[in-house]
Participant: 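Below are the structure tokens for one structure; questions will follow.
Labels below follow one simple rule: chain letters A, B, ... track the order of the sequence lines, proteins then strands, and each chain is numbered from 1. Just so we're clear, the structure is a prediction, and the values are computed from it rather than from any experiment. Note: hydrogens, waters and symmetry copies are ignored here, and every other heavy atom, side chains too, is used.
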Number of protein chains: 2
Amino acid sequence: MTGPRGTGLDAMGVRRRVDGGTELLAESTGWLLNGVARAVTAELEQALRRDDLRWREYGVLGTLEATGALSQQEIGRRLGVDRSTMVHLIDVLEDRGLVARSRDRADRRAYSIELTAAGRELLAEVLHPVTAEVHERVIGRLTSEDRATLNRILAELAGTE
Amino acid sequence: MTGPRGTGLDAMGVRRRVDGGTELLAESTGWLLNGVARAVTAELEQALRRDDLRWREYGVLGTLEATGALSQQEIGRRLGVDRSTMVHLIDVLEDRGLVARSRDRADRRAYSIELTAAGRELLAEVLHPVTAEVHERVIGRLTSEDRATLNRILAELAGTE
DNA sequence: TATTGTTATACTCTATAACTATA
DNA sequence: TATAGTTATAGAGTATAACAATA
């Protein structure tokens with residue numbers, strides 16, 4: 001299944017019939033993107049269940065690992081989650097000892113949310129490996145070149161949102 | 001922002017530090033995929049709001065257009081939606097005259113859901129153009145080669161799920 | 001006995017608005 | 001006056017389980 005490489009796609013990223021009629025939603029980039037993302041998320045959610053963790057919670061931990069301490073609201077901003085929704089999310093992670101709340105010294109209204117040693121360890125020992133395993137299952141069938149290309153293109157799209 | 005092209009990514013699609021530690025969720029394929037898909041879906045949902053239609057409803061119409069008549073359950077299977085959830089979804093589209101229910105002659109427990117002329121017209125005149133416009137906004141900044149490549153890779157992943 | 005569509009129901013997720021403490 | 005976090009609450013979306021008609 002190699003299909004036409006770079007041909008048959010118009011400027012919109014939607015394949016059109018030669019007769020000028022309608023094209024297939026199922027082949028549009030957005031549709032495919034959504035389907036693949038949903039598949040990956042579902043598998044990841046399934047895999048993380050072993051550690052009683054949700055995809056979203058993993059997102060919080062991974063964000064903190066990448067950026068260092070952040071306020072609840074800032075984490076929510078990056079994840080597309082409302083600050084009211086963040087409260088319970090952080091509660092759960094704090095109860096499990098994976099993150100810690102401390103008052104931001106510069107602005108004492110805000111918390112400074114940080115990874116604990118346990119949180120850092122869980123990421124390194126369990127979560128990243130599990131994610132890698134899921135990635136391997138889902139995108140492992142691509143050539144390594146395609147994997148790198150996919151990653152580059154997605155990063156480009158995500159970066160200029 | 002060109003970054004390393006095809007380098008720095010291990011077999012898992014996760015960038016690793018030279019020191020061997022795991023790295024950056026934010027650069028993993030699954031994370032990027034999820035973020036980009038969410039952005040596209042949000043924009044699409046926003047655009048479809050003009051026609052008082054949801055992304056999911058567009059999915060039903062687009063699926064029927066691609067495949068012809070299907071049972072409610074079969075549509076749900078393709079969309080990852082439970083049959084109980086399909087009931088209301090089809091109700092809405094039927095009320096708007098975009099699809100029609102008729103009993104499947106071969107199996108009279110099932111409905112045969114079909115696009116109406118109005119449904120077909122809405123797809124061609126409004127929905128597909130609107131989708132194309134959103135695609136253009138979101139992935140329009142990619143080179144046409146990258147767009148085609150992205151589409152090909154996603155189709156490959158979606159096809160072998 | 002199994003399956004399609006249906007309904008009632010319960011559960012999850014989320015945001016809105018009002019509150020508090022800080023700024 | 002504005003903002004971070006909190007709380008209560010209400011809405012959307014979803015699945016589960018039981019039921020009718022049909023297989």
Participant: If you look only at pairs with a residue in residues 82-93 of chain B, which of them pass as a salt bridge (charged side-chain N to carboxylate O under 4.0 Å, His left out), with sequence neighbours excluded?
Facilitator: B:Asp91-B:Arg101
Participant: Expressed in angstrom and rounded to an integer, what is the separation of B:Ile113 atom CD1 from C:dT4 atom C1'?
Facilitator: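 These atoms are roughly 11 Å apart.
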Participant: Any side-chain heavy-atom pair from A:Glu133 and A:Glu136 closer than 4.5 angstrom?
Facilitator: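 A side-chain contact is absent here, since even the closest heavy-atom pair is not under 4.5 Å.
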Participant: Does A:His135 use its side chain to pair, donor to acceptor, with the backbone of A:Thr131 at less than 3.5 Å?
Facilitator: yes
Participant: What pairs of residues pass the salt bridge (charged side-chain N to carboxylate O under 4.0 Å, His left out) test when at least one of them lies in residues 108-118 of chain A, not counting sequence neighbours?
Facilitator: A:Asp107-A:Arg109
Participant: Roughly how many Å is it from NE2 in A:His88 to C1' in D:dT7, rounded to a whole number?
Facilitator: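 Checked: the NE2 to C1' distance equals 13 Å.
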Participant: Contact list please: residues 71-80 of chain A against DNA chain D, heavy atoms, distance less than 4.0 Å, in numerical order.
Facilitator: A:Ser71, A:Gln72, A:Gln73
Participant: What protein N or O atoms touch nucleotides 19-23 of chain C N or O atoms at under 3.5 angstrom, if any, and at what distances?
Facilitator:
{"unit_1": "C:dA23", "atom_1": "OP1", "unit_2": "A:Arg108", "atom_2": "N", "d": "2.8"}

Participant: With distance as the sole criterion, is a donor-acceptor pair present between the side chains of B:His128 and B:Glu65 under 3.5 Å?
Facilitator: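 Present: a donor and an acceptor within the cut-off.
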Participant: Do the charged groups of A:Arg49 and A:Glu45 touch, with an N to O distance under 4.0 Å?
Facilitator: no
Participant: Atom CG of B:Leu89 to atom C1' of C:dT7: distance rounded to whole Å?
Facilitator: 17 Å
Participant: Taking CD1 from A:Ile90 and P from C:dT14, how many angstroms apart are they, rounded to a whole number?
Facilitator: 13 Å
Participant: Is the side chain of B:Glu57 donor-acceptor paired with the backbone N or O of B:Arg54 at a distance under 3.5 Å, no angle test?
Facilitator: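 A pair under 3.5 Å: yes.
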Participant: I'd like to know if the side chain of B:Thr116 and the backbone of B:Gly97 have a donor-acceptor N/O pair within less than 3.5 Å.
Facilitator: yes
Participant: Identify which nucleotide among D:dG5, D:dA15, C:dA15 has an atom closest to any side-chain atom of A:Val87, counting heavy atoms from C-beta outward.
Facilitator: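 Closest nucleotide to the A:Val87 side chain: D:dG5.
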Participant: Is B:Thr41 reaching over with its side chain to a backbone N or O of B:Arg38, donor-acceptor style, under 3.5 angstrom?
Facilitator: no
Participant: I need a per-nucleotide contact map over nucleotides 8-13 of chain D, read 5' to 3'. Cutoff is protein heavy atoms under 4.0 Å; write B for the base, S for backbone only, - otherwise.
Facilitator: -----S
Participant: With no hydrogens and no angle check, do the side chains of A:Thr29 and B:Asn151 hold a donor and an acceptor under 3.5 Å apart?
Facilitator: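 Side-chain D/A pair, A:Thr29 to B:Asn151: present.
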Participant: Among C:dT4, C:dT6, D:dG5, which nucleotide has an atom closest to any side-chain atom of B:Arg101?
Facilitator: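 Output: C:dT6.
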Participant: Which whole-number value in Å describes the distance from B:Asp82 CG to C:dC11 P?
Facilitator: 17 Å
Participant: Measure the angle between the two terminal helix axes of the helix from C:dT1-D:dA23 to C:dA23-D:dT1, five base pairs each, and quote it to 10°.
Facilitator: 0°
Participant: Has the side chain of A:Thr85 got a donor or acceptor atom that lies under 3.5 Å from a matching backbone atom of A:Val81?
Facilitator: no
Participant: Would A:Val92 end up clustered with A:Ile90 when hydrophobic side chains under 4.5 Å apart are linked, directly or stepwise?
Facilitator: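 As far as the 4.5 Å side-chain criterion goes, A:Ile90 and A:Val92 are not connected within one cluster.
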Participant: Do any N or O atoms from the side chain of B:Thr63 and from the backbone of B:Gly59 form a donor-acceptor pair under 3.5 angstrom?
Facilitator: yes
